[in-house]
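A note on names: the letters A, B, ... follow the listed sequences, proteins ahead of strands, and every chain is numbered from 1. Keep in mind that this is a model prediction, so the values were computed, not measured.
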Number of protein chains: 2
Amino acid sequence: MDLLDNIAVLIHDAKLDIAMHMTKSLAPYDITPEQAFIIVLLNERDGLSQGEIAFALRKDKSSITRMIVSLETKGIMHRITNSYDRRYFKVSLTDKGKSLATNVIPCISGTIDVLETGFSLEEMNELRRLLIKMRDNMRK
Amino acid sequence: MDLLDNIAVLIHDAKLDIAMHMTKSLAPYDITPEQAFIIVLLNERDGLSQGEIAFALRKDKSSITRMIVSLETKGIMHRITNSYDRRYFKVSLTDKGKSLATNVIPCISGTIDVLETGFSLEEMNELRRLLIKMRDNMRK
DNA sequence: ACCCAATAGTTGATATATCAACTATTGGAA
DNA sequence: TTCCAATAGTTGATATATCAACTATTGGGT
């Protein structure tokens with residue numbers, strides 16, 4: 001087995017190339033892909049808690065804390081303590097954040113469009129199926 | 001288009017699950033997958049320069065500097081200035097590093113074995129083909 | 001021989017990821 | 001009602017990634 005050129009490396013490389021593509025596309029708005037996904041999530045489901053954001057994006061709650069603090073500092077989102085349970089924050093986009101979302105969404109969907117260029121529906125379905133199968137192999 | 005559940009997210013998740021599997025498998029040896037790949041590379045091609053390692057692993061030379069300094073501190077590899085061109089280092093595994101390599105290699109190949117479980121040769125070839133196609137879409 | 005552009009590596013700044021230890025708050029059992 | 005376990009979030013430590021600015025060294029053109 002080639003330890004330096006195999007399916008794991010290929011998946012790693014594809015992920016890297018996708019991230020780089022999104023990074024470039026988002027650069028004019030001075031945000032990272034990670035930040036963009038938080039913005040997109042809140043644009044769809046406003047008022048989530050940090051824990052819910054972490055769960056939705058499969059990230060550690062501590063990463064979410066730091067990213068949201070940084071986005072709050074930039075004036076993109078703000079946190080309100082939930083008055084029914086003061087352990088929670090409800091995180092929301094500011095007006096600036098909502099306006100940013102309209103710019104960010106085409107960046108993400110644009111990358112996905114390029115990604116899928118030249119793929120038939122059958123190829124997309126097959127790729128999805130095989131990736132889910134591999135992912136599940138890793139989770140067992 | 002679903003911005004939070006699409007092929008890019010699936011590739012991201014698969015990469016994450018593979019990394020977590022390798023991390024767990026390597027934990028007894030107190031090294032990370034990134035470190036493991038440097039060890040595997042040097043085990044196959046001893047005496048590479050830091051730039052060559054960076055190129056082979058698609059990493060930034062500054063990341064390689066810091067990782068190798070750390071591995072040198074752990075006594076796993078050492079650097080010798082190339083006497084013909086003193087800008088270069090030749091990086092080599094120490095005896096401890098070579099011995100570690102014999103433990104690390106089965107961890108990596110073990111993860112890949114699990115990853116490929118239940119895949120036919122045709123499925124593997126098709127997955128490879130589709131991932132390369134997507135990767136190339138991102139590189140254009 | 002000298003100078004300059006190219007090359008190898010280092011360092012600093014910033015962003016993210018992971019894990020463990022921590023605080024604050026809550027709700028339920030005794 | 002009091003107390004404890006669970007939950008939400010924060011913080012610190014460590015590892016990696018990226019980019020830009022930096023040093024040291026080299027080799028080629030003049």
Side-chain angles (χ1 to χ4, degrees), chain A residues 12-13 15-27 29-39 47-74 76-91, chain B residues 12-13 15-27 29-39 47-74 76-91:
Chain A
H12 176 272
D13 284 357
K15 187 262 173 189
L16 194 57
D17 290 319
I18 294 168
M20 284 171 54
H21 196 279
M22 284 186 187
T23 298
K24 274 187 193 169
S25 158
L26 289 165
Y29 307 105
D30 195 32
I31 59 168
T32 65
E34 289 78 13
Q35 293 168 348
F37 279 107
I38 300 183
I39 292 170
L48 290 181
S49 72
Q50 297 186 189
E52 289 167 330
I53 295 170
F55 180 78
L57 300 180
R58 278 195 72 188
K59 292 185 186 297
D60 192 271
K61 56 187 179 165
S62 64
S63 295
I64 295 295
T65 293
R66 285 181 257 243
M67 280 190 269
I68 287 183
V69 166
S70 140
L71 288 165
E72 201 173 26
T73 305
K74 288 206 218 174
I76 292 168
M77 43 192 67
H78 61 103
R79 297 184 289 180
I80 308 166
T81 300
N82 183 329
S83 47
Y84 298 106
D85 186 338
R86 292 170 50 196
R87 290 171 299 181
Y88 288 79
F89 284 121
K90 281 163 120 38
V91 188
Chain B
H12 175 272
D13 284 356
K15 187 261 172 188
L16 194 58
D17 290 319
I18 293 168
M20 284 171 54
H21 196 280
M22 284 186 187
T23 298
K24 274 187 193 167
S25 159
L26 289 165
Y29 307 106
D30 195 31
I31 58 168
T32 64
E34 290 77 14
Q35 292 168 351
F37 279 108
I38 300 182
I39 292 170
L48 291 180
S49 72
Q50 297 186 191
E52 288 166 332
I53 294 170
F55 180 78
L57 301 180
R58 278 195 72 187
K59 292 187 186 295
D60 192 272
K61 56 186 179 165
S62 64
S63 295
I64 295 296
T65 293
R66 284 180 258 242
M67 279 190 269
I68 287 182
V69 166
S70 140
L71 288 165
E72 201 173 26
T73 305
K74 287 206 218 175
I76 292 169
M77 43 192 69
H78 60 105
R79 297 184 290 181
I80 308 166
T81 300
N82 184 327
S83 47
Y84 297 107
D85 186 338
R86 292 169 51 194
R87 289 171 301 181
Y88 288 79
F89 285 121
K90 282 164 111 64
V91 187

Engineer: Could you check whether atom NZ of K74(B) has more than 12 heavy atoms from other residues, nucleotides or ligands sitting under 6.0 Å from it?
Structural biologist: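 Correct, the count exceeds 12.
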
Engineer: With a 4.0 Å heavy-atom cut-off, tell me which residues in residues 61-74 of chain B come close to DNA chain C, sorted by residue number.
Structural biologist: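 The stretch gives K61(B), S62(B), T65(B), R66(B) as the residues lying under 4.0 Å from the strand, ordered by number.
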
Engineer: Grab the OH-P distance between Y84(B) and dT26(D) for me, whole Å please.
Structural biologist: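 One finds 13 Å between P of dT26(D) and OH of Y84(B), rounded.
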
Engineer: Rounded to the nearest 0.5 Å, how far does OH of Y84(A) lie from NZ of K90(A)?
Structural biologist: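 If I round to the nearest 0.5 Å, the distance is 9.0 Å.
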
Engineer: Rounded to whole angstrom units, what separation is found between the CZ atom of R86(A) and the P atom of dT25(C)?
Structural biologist: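 Distance, rounded to whole Å: 5 Å.
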
Engineer: Separation of L57(A) atom CG from dA17(C) atom C1', in whole Å?
Structural biologist: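 These atoms are roughly 14 Å apart.
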
Engineer: Identify, between H12(A) and S49(A), the residue whose nearest nucleotide on DNA chain D lies closer to the 5' end.
Structural biologist: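 The answer here is S49(A).
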
Engineer: Starting from P on dT16(D), measure out to CD on E34(A) and report it in whole angstrom.
Structural biologist: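 These atoms are roughly 18 Å apart.
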
Engineer: Which sits closer to the 5' end of DNA chain C, T32(A) or S83(A), going by the nucleotide each is nearest to?
Structural biologist: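 The 5'-side residue here is T32(A).
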
Engineer: Once you apply a heavy-atom cut-off of 4.0 Å, does I31(B) come out as touching a base, just sugar-phosphate, or nothing?
Structural biologist: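 Nothing, no nucleic acid heavy atom in range.
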
Engineer: Do the side chains of T81(B) and Y88(B) get nearer than 4.5 Å, heavy atoms only?
Structural biologist: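 Y88(B) does not reach T81(B) side chain to side chain.
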
Engineer: Quick one: F37(B) CZ to dA17(D) C1', roughly how many Å, whole number?
Structural biologist: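 Interatomic distance, CZ of F37(B) to C1' of dA17(D): 16 Å.
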
Engineer: Can you tell me the distance, in whole Å, between the CG atom of L26(B) and the P atom of dT14(D)?
Structural biologist: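 That distance rounds to 20 Å.
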
Engineer: Mind calculating the distance between CD (Q50(A)) and C1' (dA8(D)) to the nearest angstrom?
Structural biologist: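 Value for this atom pair: 8 Å.
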
Engineer: What pair of heavy atoms forms the shortest contact from L71(B) to I38(B), and how long is it?
Structural biologist: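 Scanning both residues completely, I find the closest heavy atoms to be CD1-CD1, 4.2 Å.
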
Engineer: For R86(A), what residues pass the salt bridge (Lys or Arg N to Asp or Glu O under 4.0 Å) criterion, not counting sequence neighbours?
Structural biologist: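 Partners of R86(A) under the salt bridge (Lys or Arg N to Asp or Glu O under 4.0 Å) test: none.
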
Engineer: Would you tell me if any nitrogen or oxygen in the side chain of R79(A) comes within less than 4.0 Å of OP1 or OP2 on dT10(D)?
Structural biologist: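 Answer is yes, contact under 4.0 Å.
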
Engineer: From the options dG9(C), dT18(D), dT25(D), select the nucleotide whose nearest atom is closest to the side chain of D60(B).
Structural biologist: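 From the listed options, dT18(D) comes nearest.
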
Engineer: Taking only the side-chain nitrogens and oxygens of K59(B), find out if one of them lies under 4.0 Å from OP1 or OP2 of dA17(D).
Structural biologist: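 For K59(B), the contact criterion (side-chain N or O under 4.0 Å from OP1 or OP2 of dA17(D)) is met.
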
Engineer: May I have the distance from Y29(A) (atom OH) to dA15(C) (atom P), rounded to whole angstrom?
Structural biologist: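 It works out to 20 Å between those atoms.
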
Engineer: Rounded to the nearest 0.5 Å, what's the gap from CE on M22(B) to CD1 on I31(B)? Could you check?
Structural biologist: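 The distance works out to 11.5 Å.
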
Engineer: Would you mind building the protein contact string for nucleotides 2-7 of chain D? One character per nucleotide, 5' to 3', B for base within reach (heavy atoms under 4.0 Å), S for sugar-phosphate only, - for untouched.
Structural biologist: ----BB

